[in-house]
Amino acid sequence: MKNDSNETKKPLNFIERIIEEDLASGRISQSVTRFPPEPNGYLHIGHAKSICLNFGLAETYGGQCNLRFDDTNPAKEEMEYVESIKKDVQWLGFDWQGDIRFTSDYFDQLYTWALGLIEQGKAYVCDLNQEEMRAYRGTLTEAGKDSPYKERSVEENLALFEKMRAGEFDEGACALRVKIDMAHPNMQMRDPVIYRIKKVAHHQTGDKWCIYPSYDYAHGQSDAIEGITHSICTLEFEEHRALYDWFIANLPVPSTPRQYEFSRLNVNYTITSKRKLKQLVDEGHVDGWDDPRMPTISGMRRRGFTPKSIREFCDMAGVTRTDGIVDVSMLEFAIREDLNTNATRAMCVLEPLKVTLTNYPEDKTEQLVGPKHPNRIELGARSLPFSREIFIDQDDFRESANKKYKRLVIGKRVRLRNAYIIEADEAIKNEQGEIIEVKAHFIENTVGKNPEDGIKAKGVIHWVDAKQHIDCEVRLYDRLFTEASPDVGGKDFLSCLNPDNLRVLTGCKGEMSLAEAGQDDHYQFEREGYFILDAKEKHVSIRVFNRTIGLRDTWKK
RNA sequence: UGGGCCGUCGCCAAGCGGUAAGGCACCAGGUUUUGAUCCUGGGAUGCGUAGGUUCGAAUCCUACCGGCCCAGCCA
């Protein structure tokens, strides 16, 4: 139809194209993907891309996406992370069909298959220690050489592997390896270890095992067991694909999944290294994994990002195999776009300056109104008490200024948002010469209309009634780092921490409607930015608001 | 100096032999009781470089150049 040709469809990414081809050719009847986090830390913005990709594919192709915890290393993994990961995935708006899976669910099957490999003479127990094994592996440019234990008999290997399983060896004493090719140009194929001894309790299997399968030995087989059709991972696993395929080809697995790699998400002025993120937490540079400055999903949630904005951002960034660094401005655009259309408007004076309207009756208070959203009046209005004394922001007043300054200046007029036009008369200063109050007068009959004398106001500023308001604390966050790539090379990322990444403002004055702010209510403090109640400080009597992101500011003076 | 992968506007990213989509950022206008939003317009004679094939190449071939990944009993 004409409509179709006019509509600009979003082009498919390479994985979507592959799936459509597989669906069309009949290779698969339904797509099955999985998001396979290791429960050893908190999810961050980079994981969000993988989540959106894998679960998104299930949504668009009517397929399935499993949530599987890749828990093959009990020394690093904890149940606490399992819970936080589940919460984050759901918060992002995705759900997994059926139960949560664990690679550990397949430990018995994996073990049985390993026995089969030994019986076929394709695996052996190797007694080389780590240093020796490294030496035998060769280098990037030199072939490795066979382990002296490679030719043990099937019976001996079986017996040794059983002893490993039974806990008769110490950690590191030996490991089960698969026989491939010590001279293979792909290092991953030089007889990789598939089982190692770890005398550590596992959060799912307890102390049932003291030997654990390696990632390479477990991942593809787990995919096969679950009927995963497209096993999507990041680029650094590319050379593991040959190994992945080797296991699928050499084991009696129930299906033949295929691995595809895409480039991970990098954002400038941000780090996503778990190690470095942990360092920020441990050394107290931030308050915790969910500190609003952190690029973790929990941190972004607390900061006020919405699931929709994060999904939109991931969608904008695209899925390719090109290494790149996305500009944070794209993330900032995504959250502003969502909040601009959905956040309730309110006024909040961050750094108060009292203004007394000398011609306004001392005992009078009138209830003015402002729309909750200027472009969506159907959302209703909020009541704005107005009286003789109000607060405006210190930045919105100057004794004198050039024409570019569109705020309150002595002898000049300015519009109070949703209220009267006022004109400043005098600045009252303290002994230090600081302005502590402004005397002004209001122009009658200017609510919702221009002055009858035809002299319009040149700007609009926000304000809050001096008697009826709520006191609150506002936290302004800025980027954590001053360098676009704090994460590169051997650079000390801590040396580029932004000293101004947090500004705490106390004594802020918010309009009365803010007293009703709930945990999931996003606000736009007009002329300031988007804010949300801090989830961790909700018990405090003084409300604490986090700035999610400022408004776009094109005012250059 | 082994192997694998990648190079299209400042940043993402379409394109798959027929004469460079789109988004972010930026710049210039317009509207506006948020210096916001919104609207309009602007920008690669060029697709890492150099050759070649072709009527025609970002798309095919060749050679270079640059970047990333791999030598954990981590994932």
Side-chain angles (χ1 to χ4, degrees), chain A residues 8 10-13 36-38 40 70-73 75-77 126 128-130 133-135 137-144 171-177 183-190 192-198 211-212 214-216 218-219 233-242 261 263 268 274 313 315-334 336-337 340-341 345 347 370 374-375 404-407 415-419 421 446-450 456-457 459-462 484 524-529 550-557:
Chain A
T8 46
K10 190 164 198 236
L12 300 179
N13 64 48
E38 179 186 14
N40 71 340
D70 212 343
D71 55 350
T72 57
N73 187 353
K76 293 186 174 180
E77 299 149 6
C126 179
L128 254 25
N129 63 35
Q130 287 199 54
M133 202 179 284
R134 190 186 316 128
R137 187 151 34 225
T139 69
L140 295 176
T141 54
E142 301 165 63
E171 287 190 15
C174 53
L176 185 67
R177 296 224 261 167
H184 200 110
N186 179 344
M187 298 293 287
Q188 307 303 323
M189 302 297 269
R190 324 248 261 222
V193 167
I194 64 171
Y195 263 98
R196 70 293 209 197
I197 299 167
K198 277 186 186 294
I211 57 172
Y212 292 93
S214 65
Y215 163 84
D216 288 302
H219 205 95
C233 60
T234 43
L235 250 28
E236 66 269 26
F237 290 99
E238 201 169 346
E239 34 280 295
H240 292 248
R241 191 174 62 237
E261 312 85 24
S263 51
N268 60 13
K274 271 183 193 170
F313 168 63
D315 200 47
M316 282 194 275
V319 177
T320 66
R321 292 174 62 85
T322 314
D323 283 311
I325 301 172
V326 175
D327 201 304
V328 260
S329 66
M330 210 185 268
L331 211 209
E332 294 175 345
F333 171 83
R336 286 195 183 108
E337 181 181 50
N340 175 53
T341 77
R345 308 291 130 124
M347 292 191 285
N375 305 325
K404 289 230 174 184
Y405 187 77
K406 304 200 298 181
R407 309 176 189 182
R415 160 133 254 147
L416 292 179
R417 178 77 166 156
N418 297 127
I421 282 175
T446 51
V447 175
K449 57 185 75 166
N450 282 320
K456 298 178 183 177
V460 181
I461 64 174
H462 55 100
Q524 181 198 96
F525 289 175
E526 293 187 280
R527 302 208 313 132
E528 293 289 356
L551 252 29
R552 182 161 168 268
D553 185 4
T554 53
W555 185 49
K556 316 142 186 98
K557 37 183 176 175

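Quick note on labels: first sequence line is chain A, next is B, and so on, each numbered from 1.
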What integer distance in Å separates [X]:[atom1] from [N]:[atom2]?
{"X": "A:Phe333", "N": "B:rA25", "atom1": "CZ", "atom2": "P", "result": "6 Å"}
{"X": "A:Trp555", "N": "B:rU37", "atom1": "CH2", "atom2": "C1'", "result": "19 Å"}
{"X": "A:Glu142", "N": "B:rU1", "atom1": "CD", "atom2": "P", "result": "15 Å"}
{"X": "A:Glu526", "N": "B:rA36", "atom1": "CD", "atom2": "C1'", "result": "9 Å"}
{"X": "A:Ile197", "N": "B:rC74", "atom1": "CD1", "atom2": "P", "result": "12 Å"}
{"X": "A:Glu261", "N": "B:rC69", "atom1": "CD", "atom2": "C1'", "result": "11 Å"}
{"X": "A:Glu238", "N": "B:rA75", "atom1": "CD", "atom2": "C1'", "result": "17 Å"}
{"X": "A:Lys456", "N": "B:rU32", "atom1": "NZ", "atom2": "C1'", "result": "12 Å"}

Nearest-angstrom distance, [atom1] atom, [N] to [M]:
{"N": "B:rC65", "M": "B:rU49", "atom1": "P", "result": "15 Å"}
{"N": "B:rC6", "M": "B:rA28", "atom1": "P", "result": "40 Å"}
{"N": "B:rA25", "M": "B:rC39", "atom1": "P", "result": "13 Å"}
{"N": "B:rC12", "M": "B:rA44", "atom1": "C1'", "result": "16 Å"}
{"N": "B:rA36", "M": "B:rG30", "atom1": "C1'", "result": "16 Å"}
{"N": "B:rG23", "M": "B:rU32", "atom1": "C1'", "result": "25 Å"}
{"N": "B:rU45", "M": "B:rG56", "atom1": "C1'", "result": "16 Å"}
{"N": "B:rA57", "M": "B:rA20", "atom1": "P", "result": "12 Å"}

With heavy-atom distances below 4.5 Å as the criterion, would you say the side chains of [X] and [Y] are in contact?
{"X": "A:Thr320", "Y": "A:Ser263", "answer": "yes"}
{"X": "A:Val326", "Y": "A:Asn268", "answer": "no"}
{"X": "A:Gln524", "Y": "A:Glu526", "answer": "yes"}
{"X": "A:Pro192", "Y": "A:Arg177", "answer": "no"}
{"X": "A:Tyr212", "Y": "A:Arg196", "answer": "yes"}
{"X": "A:Asn40", "Y": "A:Lys274", "answer": "yes"}

Would you tabulate the nitrogen or oxygen pairs shorter than 3.5 Å linking the protein to nucleotides 10-14 of chain B?
{"residue": "B:rC11", "atom": "O3'", "partner": "A:Ile325", "partner atom": "O", "Å": "3.2"}
{"residue": "B:rC11", "atom": "O2'", "partner": "A:Ile325", "partner atom": "O", "Å": "2.9"}
{"residue": "B:rC11", "atom": "O2'", "partner": "A:Asp327", "partner atom": "N", "Å": "3.3"}
{"residue": "B:rC12", "atom": "OP1", "partner": "A:Ile325", "partner atom": "N", "Å": "3.1"}
{"residue": "B:rC12", "atom": "O2'", "partner": "A:Ala317", "partner atom": "O", "Å": "2.7"}
{"residue": "B:rA13", "atom": "OP1", "partner": "A:Thr320", "partner atom": "OG1", "Å": "2.5"}

In Watson-Crick or G-U wobble terms, both distances under 3.5 Å, what is the partner of [N]?
{"N": "B:rC26", "value": "B:rG42"}
{"N": "B:rA13", "value": "none"}
{"N": "B:rC64", "value": "B:rG48"}
{"N": "B:rG56", "value": "none"}
{"N": "B:rG2", "value": "B:rC70"}

Considering every strand and a 4.0 Å limit on heavy-atom distances, what is the contact class for [X]: base, sugar-phosphate, or nothing?
{"X": "A:Asp70", "value": "sugar-phosphate"}
{"X": "A:Pro36", "value": "nothing"}
{"X": "A:Leu140", "value": "base"}
{"X": "A:Val447", "value": "base"}
{"X": "A:Phe237", "value": "base"}
{"X": "A:Gly144", "value": "nothing"}
{"X": "A:Met133", "value": "base"}

### Message
With hydrogens left out and only the distance checked, is there a donor-acceptor pair under 3.5 Å joining A:Glu239's side chain and the base of B:rG3?
### Response
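By the distance-only test, yes, there is a pair.
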
### Query
B:rA71 base to A:His184 side chain: any donor-acceptor pair below 3.5 Å?
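By the distance-only test, no, there is no pair.
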
### Message
My understanding is that only one of A:Thr72, A:Asn73, A:Asp71 makes a side-chain contact (heavy atoms from CB on, under 4.5 Å) with A:Glu38; could you say which?
### Response
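Exactly one option meets the side-chain contact (heavy atoms from CB on, under 4.5 Å) with A:Glu38, and it is A:Asn73.
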
Does [X] put a side-chain nitrogen or oxygen below 4.0 Å from OP1 or OP2 of [N]?
{"X": "A:Arg336", "N": "B:rA36", "result": "no"}
{"X": "A:Arg134", "N": "B:rC70", "result": "no"}
{"X": "A:Arg137", "N": "B:rC70", "result": "no"}
{"X": "A:Thr554", "N": "B:rA36", "result": "yes"}
{"X": "A:Lys274", "N": "B:rA75", "result": "no"}

### Task
Between A:Gln188 and A:Ala419, name the one whose nearest nucleotide on RNA chain B is closer to the 5' end.
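Nearer the 5' end of the strand: A:Ala419.
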
Nearest to the side chain of [X], which nucleotide is it out of [options]?
{"X": "A:Ser214", "options": "B:rG2, B:rA75, B:rG35", "result": "B:rA75"}
{"X": "A:Glu236", "options": "B:rA75, B:rC74, B:rA36", "result": "B:rA75"}
{"X": "A:Arg527", "options": "B:rA36, B:rC74, B:rU34", "result": "B:rU34"}
{"X": "A:Arg345", "options": "B:rU34, B:rG2, B:rG35", "result": "B:rU34"}
{"X": "A:Gln524", "options": "B:rG2, B:rG35, B:rU34", "result": "B:rU34"}

#### Entry: Expected output: side-chain A:Thr234 to main-chain A:Glu236 donor-acceptor under 3.5 Å
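Here the side-chain-to-backbone pair does not exist.
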
### Task
Could you go through the ring pair (Phe, Tyr, Trp, His ring centres under 6.0 Å) check for A:Phe237 and A:Tyr215 one step at a time?
CA-CA 11 Å; A:Phe237 290 99; A:Tyr215 163 84; 5.0 Å; yes

#### Entry: Torsion-based syn/anti label for B:rG30, 90° from 0 as limit
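The base of B:rG30 is oriented anti (glycosidic angle more than 90° from 0).
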
### Query
Is the ring centre of A:Tyr215 under 5.5 Å from the base ring centre of B:rA75, and are the two planes under 30° apart, so that they stack?
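Base of B:rA75: not stacked against A:Tyr215.
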
#### Entry: Residue pair A:Ser329, A:Asp327: steps toward the side-chain hydrogen bond (donor to acceptor under 3.5 Å, both in side chains) verdict
CA-CA 5 Å; A:Ser329 66; A:Asp327 201 304; 3.2 Å; yes

#### Entry: Sidechain N-carboxylate O distance under 4.0 Å for A:Glu261, A:Arg321
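Counted as a salt bridge, because a side-chain N and a carboxylate O are separated by less than 4.0 Å.
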
